[in-house]
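Heads up, the thing below is written out as structure tokens.
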Amino acid sequence: MQFYSTKNKALRVDFREAVFKGLPDDNGLFMPVEIPKLPTEFIKNLKNYTFPELSFEVASNFLGDSIPKNDMKNIIERAINFPAPVVRLDESTFVLELFHGPSLAFKDFGARFMAEVMSYYLKNDQKELVILVATSGDTGGAVAAGFYDTPGIKVVILYPSGKVSNLQEKQLTTFSKNITAIELDGSFDDCQALVKKAFLDVDLKSKINLSSANSINIARLLPQSFYYFEAFKQVFSGNEKVVFSIPSGNFGNLTAGLFAKRMGLPVHHFVAATNMNTLIPDFLNSESLKERPSVQTLSNAMDVGLPSNFARIMDLYGSTWNNIKKDIYGTYISDNFTRNIIQEVLEKTSYLLDPHAAVGFGAWKKYWKQNPETTGIILETAHPGKFIDVIDIENKSDYIPKKLSNLEHFEKVSVEMKVDFGQFKNWLLKNY
């Protein structure tokens with residue numbers, strides 16, 4: 001499998017180079033030259049495959065001979081070793097729980113797969129790798145857990161000060177050894193901009209072996225496509241029109257779903273659900289793309305002003321608005337509506353949604369009212385216990401798993417920094 005840049009379709013790099021570079025030199029994003037169609041028999045018989053087995057089939061078909069099949073099987077077995085169950089909320093609504101991994105968030109799938117792939121490629125390499133990652137919440141914890149104590153790899157996580165939940169911050173800042181957290185006095189967009197600027201700095205790249213673990217890295221997207229197949233397998237019985245409602249921030253999750261559809265998964269439609277960072281829903285509804293800074297909301301992991309992965313979506317559809325609209329419905333949900341949804345669903349079903357899934361639920365119900373013949377799967381992207389400080393319910397401690405409550409006893413360790421690329425670059429050069 002080879003990859004090109006969204007800014008240069010003539011470029012060709014192999015999977016290893018795409019993984020370790022993270023970004024092409026032209027500041028585009030890597031895209032596969034071809035998205036292979038999976039065998040029809042495989043799609044028809046998904047129920048006969050375990051989650052690791054179907055993940056292996058997807059990965060090996062997608063990547064071809066980039067990694068030998070036996071090695072890929074070992075990578076999958078180590079990375080995808082926790083479930084992604086579907087829970088029914090009502091007659092037409094399901095929730096895909098993606099919080100059963102080490103950091104209790106969907107980012108575990110991509111982070112663990114990427115860590116295994118990098119370790120595989122680095123086993124005979126003596127040069128230290130420094131991974132830069134910007135996070136609006138869950139990515140940092142997943143990357144920290146996935147790469148913790150991995151030989152030959154150091155991880156630097158940038159997060160916006162005061163804009164992640166308390167428990168999310170503890171997941172970012174309580175690791176040691178090869179993990180360092182930088183607390184930036186700015187927004188997620190500022191964190192992401194510093195990471196991108198670092199990759200484009202020729203002087204910095206000549207002195208430090210840099211890579212990225214954000215969803216801008218193609219190795220993060222591929223494993224996120226696995227659980228679309230797993231969810232579809234659990235819900236589809238023969239005639240459902242399956243719609244995925246995806247709480248969207250940087251739009252990596254939606255991009256992975258579109259990859260799954262291109263590979264042959266018969267998804268009827270996608271719902272791009274955002275909070276009040278409405279850039280993409282506005283575009284989908286009006287064909288007008290007006291950039292604006294991010295705003296802070298209850299669903300903080302989705303507080304992204306300009307989603308990076310939308311460039312990949314545009315590339316998939318040849319930047320044709322009508323074609324994008326055929327597959328994606330976009331809408332947004334306010335904080336007040338999010339709070340009401342959490343309360344109503346809990347009262348009716350005894351199921352606690354986290355704020356991000358609540359946005360997905362509200363967006364799905366908007367879509368379903370216009371399309372009542374469809375069946376919805378909402379991506380529950382993180383355990384609700386991670387956001388318990390912003391959820392207004394009684395007996396909050398009952399919803400916090402021990403893995404999270406234990407973090408309260410750990411000391412936060414972070415490097416405070418202004419939004420200043422010069423300062424960030426000097427810190428990197430001094431420490432690596």
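Nothing fancy with the numbering, it's 1 onward along the sequence.
In this structure, the side chain of Gln343 engages the main chain of Asp392 through a donor-acceptor pair within 3.5 Å. A donor-acceptor pair is defined here as one N or O able to donate and one able to accept, closer than 3.5 Å; such a pair exists between the side chain of Thr338 and the backbone of Ser334. One N or O on the side chain of Ser248 and one on the backbone of Ile246 form a donor-acceptor pair closer than 3.5 Å. Side-chain atoms of Asn61 never come within 3.5 Å of backbone atoms of Leu38 as a donor-acceptor pair (strictly under, hydrogens ignored). Under the 3.5 Å distance criterion, the side-chain polar atoms of Asn300 are left unmatched by any main-chain donor or acceptor of Gln296. Judged by distance alone, the side chain of Ser225 and the main-chain N or O of Gly257 form no donor-acceptor pair under 3.5 Å. A donor-acceptor pair is defined here as one N or O able to donate and one able to accept, closer than 3.5 Å; no such pair exists between the side chain of Ser414 and the backbone of Glu416. Using modelled atom types, no side-chain atom of Thr255 and backbone atom of Ile313 make a donor-acceptor pair closer than 3.5 Å. Judged purely by atom type and a 3.5 angstrom limit, Asn277 uses its side chain to pair as donor or acceptor with the backbone of Val295. Under a 3.5 Å cut-off, the side chain of Lys396 and the backbone N or O of Ile388 do form a donor-acceptor pair.
At a threshold of 4.5 Å between non-hydrogen side-chain atoms, the residues Asp149 and Ile179 do not count as touching. Side-chain contact between Met1 and Pro36 is present, with heavy atoms from C-beta onward closer than 4.5 Å. Using a 4.5 Å cut-off on side-chain heavy atoms (C-beta onward), Thr135 and Val164 make no contact. Looking only at side-chain heavy atoms (C-beta outward), Asp190 and Ser187 come within less than 4.5 Å of each other. Counting heavy atoms from C-beta on, the side chains of Asn45 and Asn48 come closer than 4.5 Å. Residues Gln370 and Tyr329 have side chains in contact (heavy-atom distance under 4.5 Å, counting atoms from C-beta outward). The shortest side-chain heavy-atom distance between Phe99 and Phe106 does not fall under the 4.5 Å cut-off. With contacts defined as side-chain heavy-atom distances shorter than 4.5 Å, the pair Phe188/Gln192 qualifies.
Shown here for Ile378 and Ala357, the closest heavy-atom pair between the two residues is CG2-O, 3.7 Å. Ser92 and Thr374 make their closest contact through CB-O, 3.9 Å (heavy atoms, listed as atom of the first residue, atom of the second, distance). The two residues Leu98 and Ala84 come nearest to each other via the heavy atoms CD2-CB, 4.1 Å.
No donor-acceptor contact under 3.5 angstrom links the side chains of Ser212 and Arg220, judged on distance only. Between the side chains of Glu240 and Ser237, a donor-acceptor pair is found at a separation under 3.5 Å.
Ion pairing between Asp185 and Lys163 fails under the 4.0 Å rule for side-chain N and carboxylate O.
Remark: Trp321 CH2 is packed, more than 12 non-hydrogen atoms of other residues, nucleotides or ligands lying under 6.0 Å away. Within 6.0 Å of NZ on Lys197 lie no more than 12 heavy atoms contributed by other residues, nucleotides or ligands. More than 12 heavy atoms of other residues, nucleotides or ligands sit less than 6.0 Å from atom CZ of Phe109.
Among residues at least two apart or in separate chains, salt bridge (Lys or Arg N to Asp or Glu O under 4.0 Å) pairs with a member in residues 83-101 are Asp90-Lys365.
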For salt bridge (Lys or Arg N to Asp or Glu O under 4.0 Å), just list the numbers for Glu287 and Lys325, CA-CA rounded to whole Å, side-chain angles, deciding distance to a tenth of an Å, and then say yes or no.
CA-CA 10 Å; Glu287 202 176 356; Lys325 284 281 291 181; over 6 Å; no
